[in-house]
Asker: 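First the structure, then my questions, so here it is.
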There are 2 protein chains.
Amino acid sequence: MPENKVALFFQVFNEVGIIEQLSRALLQAQLPPGFLVSHFSVLNHLVRVQDGRTPLELARAFQTAKTTMTHTLAGLDKAGYVEMRPNIEDARSKRVWISDTGRAFREQAIVSVKPDLERVAAEFPADRVLNLLPELEELRKIMDRQRDEN
Amino acid sequence: MPENKVALFFQVFNEVGIIEQLSRALLQAQLPPGFLVSHFSVLNHLVRVQDGRTPLELARAFQTAKTTMTHTLAGLDKAGYVEMRPNIEDARSKRVWISDTGRAFREQAIVSVKPDLERVAAEFPADRVLNLLPELEELRKIMDRQRDEN
DNA sequence: TCAATATAATGCGATATCGAACTAAACAAG
DNA sequence: CTTGTTTAGTTCGATATCGCATTATATTGA
């Protein structure tokens with residue numbers, strides 16, 4: 001691989017990193033004190049994918065250490081946004097269920113960040129985002145799979 | 001803005017977040033114990049942009065709190081990878097210079113991650129990355145500017 | 001059957017990151 | 001000048017995240 005190819009991937013990952021930080025900041029700014037994007041992300045995952053996930057599944061989904069997920073879930077549980085129930089199929093494990101207030105919290109966050117997204121969309125049209133999406137999806141899938149292969 | 005537009009931006013930022021985590025993990029895995037991507041990123045910035053930056057400039061460039069940059073720079077200084085000198089133009093301030101060992105550290109990290117990038121490139125061709133880059137750059141610039149406007 | 005190994009979650013200590021308060025220097029207005 | 005305000009960096013306390021070790025349960029294999 002020529003050096004400019006390495007540099008090219010580096011550049012893209014650099015841009016991705018900056019966009020991640022900026023978008024994270026937009027969402028974070030809309031969350032009430034004491035709640036982080038990590039909390040939102042778990043709730044969002046439980047809604048989008050399906051609740052009843054185990055903590056370990058969640059940790060894997062977010063590439064985070066198990067202990068971090070324990071901590072994040074404790075916060076969500078304390079706030080009443082999730083409920084931790086025993087896993088009937090495995091007594092070592094638990095399953096995480098989102099509550100109605102948890103769902104409301106997630107929806108409120110999404111509504112709150114809408115104006116920010118509109119401001120971005122005003123300059124970067126949705127059709128360009130639409131073109132971007134499948135490329136990013138495939139890149140993500142490739143990297144995700146390669147990670148699992150190790 | 002229709003709901004699907006909100007969802008579209010959400011999706012893209014979600015993909016971006018996952019790619020960021022995966023690429024960060026690849027780089028992190030190549031760094032010696034005690035060094036994080038945050039350390040590498042600062043060194044990389046000093047090389048790419050120019051060294052002699054002030055800590056505050058660096059903090060802004062990375063969207064991080066000033067105190068975080070103080071901490072990161074202390075680690076780099078302790079390792080001998082940067083040198084902190086007084087800012088002649090402003091006695092409150094400092095300027096950060098990368099050392100030869102700091103440059104070597106950065107270069108080594110880049111070399112080490114090359115195989116990982118090659119593995120990704122084998123499945124996601126460079127020309128697609130090349131198409132992605134300007135779009136991401138523009139999206140980043142827009143979001144960056146909008147942040148400054150507030 | 002049961003001993004060895006693997007897995008899920010947690011407890012604990014270390015470090016990263018952050019926000020608030022502080023100090024010193026620079027700047028601005030009178 | 002000099003006094004009030006802003007700015008650069010740090011200190012300090014709180015919390016997030018991580019790695020390692022531990023406990024409980026599950027799985028495997030002789």
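Chain A is the first sequence line, chain B the second, and so forth, proteins listed ahead of strands; every chain is numbered from 1. All values derive from a computational prediction rather than experimental measurement.
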Asker: Taking the side chain from A/Q21 and the backbone from B/F62, do they hold a donor-acceptor pair closer than 3.5 Å?
Answerer: yes

Asker: Within less than 4.0 Å of OP1 or OP2 of D/dT17, is there a side-chain N or O belonging to A/T64?
Answerer: no

Asker: Please examine the side chains of A/E20 and B/Q63, heavy atoms only from C-beta on, and report whether any two atoms are closer than 4.5 Å.
Answerer: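 No, too far: nothing below the 4.5 Å cut-off.
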
Asker: Indicate, with a heavy-atom threshold strictly under 4.0 Å, whether B/T70 touches base, sugar-phosphate, or nothing.
Answerer: base

Asker: Below 4.0 angstrom, N of the basic side chain to O of the carboxylate: do A/R147 and A/D144 qualify?
Answerer: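 Yes, this pair counts.
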
Asker: Can we say B/E123 and A/K141 salt-bridge, meaning some charged N sits less than 4.0 Å from an Asp/Glu carboxylate O?
Answerer: no

Asker: Protein-nucleotides 19-24 of chain D N/O pairs closer than 3.5 Å?
Answerer:
unit_1, atom_1, unit_2, atom_2, d
D/dG19, O6, A/T67, OG1, 3.3

Asker: Whole-Å distance between D/dG9 C1' and B/R60 CZ?
Answerer: 12 Å

Asker: If only side-chain N and O atoms of B/H71 are considered, is one of them under 4.0 Å from the OP1 or OP2 phosphate oxygen of C/dA16?
Answerer: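 The answer is yes; a side-chain N or O of B/H71 sits under 4.0 Å from OP1 or OP2.
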
Asker: Quickly work out the B/E57 CD to D/dT7 C1' distance and round it to whole Å.
Answerer: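 Nearest whole value for this atom pair: 13 Å.
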
Asker: Quick check on DNA chain C: between A/Q21 and A/M84, whose nearest nucleotide comes earlier from the 5' end?
Answerer: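 Of the two residues, A/M84 wins.
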
Asker: Just how far, in rounded Å, is P of C/dT17 from CZ of B/F62?
Answerer: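 Distance, rounded to whole Å: 11 Å.
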
Asker: Expressed in angstrom and rounded to an integer, what is the separation of B/L58 atom CG from C/dT17 atom C1'?
Answerer: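 Result: 16 Å.
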
Asker: To the nearest Å, how far apart are A/I88 CD1 and D/dA26 C1'?
Answerer: 17 Å

Asker: Which pair of heavy atoms, one from B/V82 and one from B/D77, lies closest together, and at what distance?
Answerer: O-OD1, 3.2 Å

Asker: Base, sugar-phosphate, or nothing: which does B/N87 touch, judged by heavy atoms less than 4.0 Å apart?
Answerer: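 It contacts nothing in the nucleic acid.
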
Asker: Reckon B/T68 has a side-chain N or O less than 4.0 Å from the OP1 or OP2 of C/dC18?
Answerer: yes

Asker: To the nearest Å, give me how far apart NZ (B/K94) and C1' (C/dA26) are.
Answerer: 17 Å

Asker: Check each of B/L31, B/D100, B/I110 against B/F105 using the side chain to side chain contact (heavy atoms under 4.5 Å, CB included) test, and report the only one that passes.
Answerer: B/L31

Asker: To the nearest angstrom, how far is A/M69 atom CE from D/dC18 atom P?
Answerer: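 After rounding, the reported distance stands at 9 Å.
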
Asker: Evaluate the ring planes of B/F13 and B/F9, with Trp represented by its six-membered ring, and classify them as parallel (under 30°), tilted (30 to 60°) or perpendicular (over 60°).
Answerer: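 Judged by the thresholds at 30° and 60°, the geometry between B/F13 and B/F9 is tilted.
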
Asker: With rounding to the nearest 0.5 angstrom, report the CZ to CD distance, B/F124 to A/Q146.
Answerer: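 Going from CZ on B/F124 over to CD on A/Q146, the span is 12.0 Å.
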
Asker: Judged by each residue's nearest nucleotide on DNA chain D, which is more toward the 5′ side, B/L73 or A/Q63?
Answerer: B/L73

Asker: For DNA chain D, find the residues of residues 28-38 of chain A with a heavy-atom distance under 4.0 Å and give them by number; none if there aren't any.
Answerer: A/L36, A/S38

Asker: Calculate the interatomic distance between B/L56 atom CG and D/dT6 atom C1'; express it in whole Å.
Answerer: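 The answer, rounded to whole Å, is 12 Å.
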
Asker: Does OP1 or OP2 of C/dT17 have a side-chain N or O of B/T72 closer than 4.0 Å?
Answerer: yes

Asker: What are the two closest non-hydrogen atoms of A/L73 and A/L58, and how far apart are they?
Answerer: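 In this case the closest contact between A/L73 and A/L58 is CD2-CD1, 4.1 Å.
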
Asker: Between CZ of A/R103 and CD1 of A/I98, what distance do you get to the nearest 0.5 Å?
Answerer: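 With rounding to 0.5 Å, CZ (A/R103) is 5.5 Å from CD1 (A/I98).
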
